[in-house]
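Heads up, the thing below is written out as structure tokens.
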Amino acid sequence: MSESNYTDLDLVISDMPMRDDFDPWVGVDAITGNVKNTAVVPGKLKQPRSMSSDYYYNLIGDDTHMEQELSVGTSGKYNIEGLTITDSFSYMNSIEYNAITCSIVAKYATWYNDYEEPDANTVSLTPEALALAADPNAFRDRYGDYFVYGEKCGGQFVAVYTCHAESASSLQKFQADLGVSYERLFTQEGTASLEKAASDNHVFIEAHVYMCGHDDSPSPDVTEPDQVIPALDWFKNHIQPTAIWVKLQHYNTVYAKLPARAPVSPSVFLELTELYDDVWAIRAKYDSCPDVYQGGFTKRYNALVDGVMANSSSLPYDAAMRRDYTDQANRLLADLQDVLDRQSFYFAVLEKVAAEPEQGKMIEEKKDGPYDWLYGFQTYPLSSAVQIKSKSLHDKASHESCHPGHLTHTFAFGPDQTKLIVGWQVHSGWTDGTNGEWKKDDEQILLKNQGDVSVKSDYDRGYDWTVNFFYVDASQYQF
């Protein structure tokens, strides 16, 4: 096997999230992520003494902040811990964010500063493992590449505040009003600021907490923001540190003749990392997808996530399988993003409704303009998922062909349940101030399936008017 088909491995991997099967001294295969037989004689453990604690806050309203959170909670290495949601990161499944929703993650963590680990010179290979070490390939087949060298214990309390707004602008105003006060959510003042910003901007907030590293006493239920601080106080009084992180050490640190490398190309680990990153992103977008559309993705979502997890140990060795799952992930991620893009567009149109003229108000074409009136959108370059079509209605009349008086005409679009109006435009074909006036006949046209606009000429004059309606497929915008 050529050098390009090997990956040099780190001798030590610290702060790996704890897994249920990571028993002390157990072997770990870097390629498959599976646990292996124990190859070392346990050493004498050093007990850590000092502890630290800290607070962490993150307001997640876009992909950038979600990626920041994922980097904290999914710190795998090689093919170890690619997609497993451990106890300390179970809160990840409750994070939502889209055009009208954001999530705030608030954490309190306490931990021992050192690992519970042995002195280096007290660890050795078992006689059986030492005998097999003469054949490095046979050794790694039986014992893997790493062994669990130490555990770091602590406790973690996480509160997730899911904030649902009525519109995109109210969510933005809520975030602006909240400012950096969300970084004080574990104080009475911070909670009060959150509740005031929510009340002022018609934002509904639900809260949930996730704890690990406490005793067996029944923990409090939390659904409201004002229940979080009492729950945190309870947690601090019931901390019972548990293993949250582990340190993995390569067998080379115990027996130098064992090469610290894995028989797989670095490009394979890169492909796996990219695939796992996509699956994490899909998890977040699926959880944030509106219910009316989420069900349409469930079968594909389960097939992808369950399939990748079930085959994680086979993926490093099967390029065709990696390509297939990568293609599935790319398509699903794009389709989910399309729904979220259309949701963003829908609420962008909703913000334009207030700018429509009053029902029945006559608007005159004047010599000094304007000659065009546009409400809503006729294009949306921010996403190709938003496909806007148009229908143009035109009518022109000459006063010579009519009786004296005023000429009138109504431009009617719909009703059509398959279409949703996202923009409409009135255009005057004359610019000399003699084209008369127009009015909106409906209370609201934007985000409806029907629109009516009437025009009226000046006395004993003709007219030349065009009304354009811009619409999308209504089935894609049930928000």
Side-chain angles (χ1 to χ4, degrees), residues 7-54 56 70-90 107 109-126 129 133 139-140 142-156 212-213 239-262 269 272-273 276 312-313:
T7 297
D8 292 328
L9 301 176
D10 294 341
L11 295 181
V12 178
I13 304 176
S14 297
D15 295 339
M16 180 70 68
M18 182 62 179
R19 245 169 48 181
D20 290 341
D21 56 356
F22 276 173
D23 296 325
W25 317 112
V26 73
V28 182
D29 189 314
I31 298 177
T32 65
N34 294 335
V35 295
K36 293 284 192 173
N37 293 300
T38 300
V40 297
V41 178
K44 184 178 179 181
L45 296 177
K46 297 181 294 183
Q47 298 298 323
R49 297 181 180 276
S50 63
M51 296 188 73
S52 297
S53 61
D54 199 4
Y56 164 90
L70 286 171
S71 69
V72 175
T74 61
S75 52
K77 186 76 172 181
Y78 306 121
N79 197 27
I80 309 170
E81 285 300 322
L83 292 171
T84 304
I85 298 179
T86 59
D87 287 346
S88 56
F89 300 108
S90 58
K107 297 182 187 179
T110 182
W111 63 92
Y112 282 103
N113 293 318
D114 299 310
Y115 279 88
E116 184 178 336
E117 61 185 13
D119 289 320
N121 58 5
T122 66
V123 179
S124 60
L125 294 181
T126 65
F139 182 94
R140 78 169 306 278
R142 181 168 177 76
Y143 300 112
D145 304 282
Y146 293 92
F147 64 97
V148 176
Y149 183 75
E151 299 177 347
K152 183 179 286 188
C153 296
Q156 179 174 269
C212 65
I239 289 176
Q240 184 174 299
T242 187
I244 297 179
W245 299 281
V246 297
K247 178 187 289 187
L248 303 182
Q249 198 142 307
H250 196 277
Y251 290 114
N252 174 271
T253 62
V254 177
Y255 189 72
K257 292 183 180 180
L258 289 170
R261 62 181 186 176
F269 288 125
L272 289 173
T273 297
Y276 295 157
S312 60
S313 60

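None of the values given here were measured: they were computed from a predicted structure.
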Grab the two heavy atoms, one from [X] and one from [Y], that are nearest each other, plus how far apart they are.
X	Y	result
K36	R142	CB-O, 3.5 Å
T122	D119	OG1-O, 2.7 Å
S14	K247	OG-CE, 3.7 Å
D145	A30	OD2-N, 2.8 Å
I244	Q156	CD1-N, 4.4 Å
S313	N34	CB-ND2, 3.5 Å

Return the [atom1] to [atom2] distance between [X] and [Y], rounded to the nearest 0.5 Å.
X	Y	atom1	atom2	answer
D8	R261	CG	CZ	7.5 Å
W111	M51	CH2	CE	9.0 Å
D15	Y115	CG	OH	3.5 Å
E116	Q47	CD	CD	4.0 Å
L9	L248	CG	CG	11.5 Å
T273	K77	OG1	NZ	9.0 Å

Just by modelled atom types, is the [Y] backbone N or O under 3.5 Å from a matching donor or acceptor in the [X] side chain?
X	Y	result
N252	A256	yes
T110	S52	yes
D23	V26	no

**Report entry** Salt-bridge contact D114-K46 (side-chain N to carboxylate O under 4.0 Å)
**Finding:** no
Report task. Kindly write out the residues that satisfy side-chain contact (heavy atoms from CB on, under 4.5 Å) with S312, not counting sequence neighbours, or none if the list is empty. Result -> Y276
Query raised in the report: For atom CZ of F269, is the number of surrounding heavy atoms from other residues, nucleotides or ligands below 6.0 Å larger than 12?
Result: yes
Query raised in the report: Does atom CG of D20 have more than 12 heavy-atom neighbours from other groups under 6.0 Å away?
Result: no
**Report entry** Worked verdict on Y146 versus V246 for side-chain contact (heavy atoms from CB on, under 4.5 Å)
**Finding:** CA-CA 12 Å; Y146 293 92; V246 297; over 6 Å; no
Query raised in the report: Do Y149 and V40 pass the side-chain contact (heavy atoms from CB on, under 4.5 Å) test, and can you show the C-alpha distance, the side-chain angles, and the key distance before you say yes or no?
Result: CA-CA 10 Å; Y149 183 75; V40 297; over 6 Å; no
Less than 4.5 Å apart, any side-chain heavy atom of [X] and any of [Y]?
X	Y	result
T242	C153	no
R140	I31	yes
V148	M16	no

Query raised in the report: What about Y255 and Y251, are their ring centers closer than 6.0 Å?
Result: no
Requested in this report: For the residue pair F147 and W25, categorise the inter-ring angle as parallel (less than 30°), tilted (30 to 60°) or perpendicular (more than 60°).
Outcome: parallel
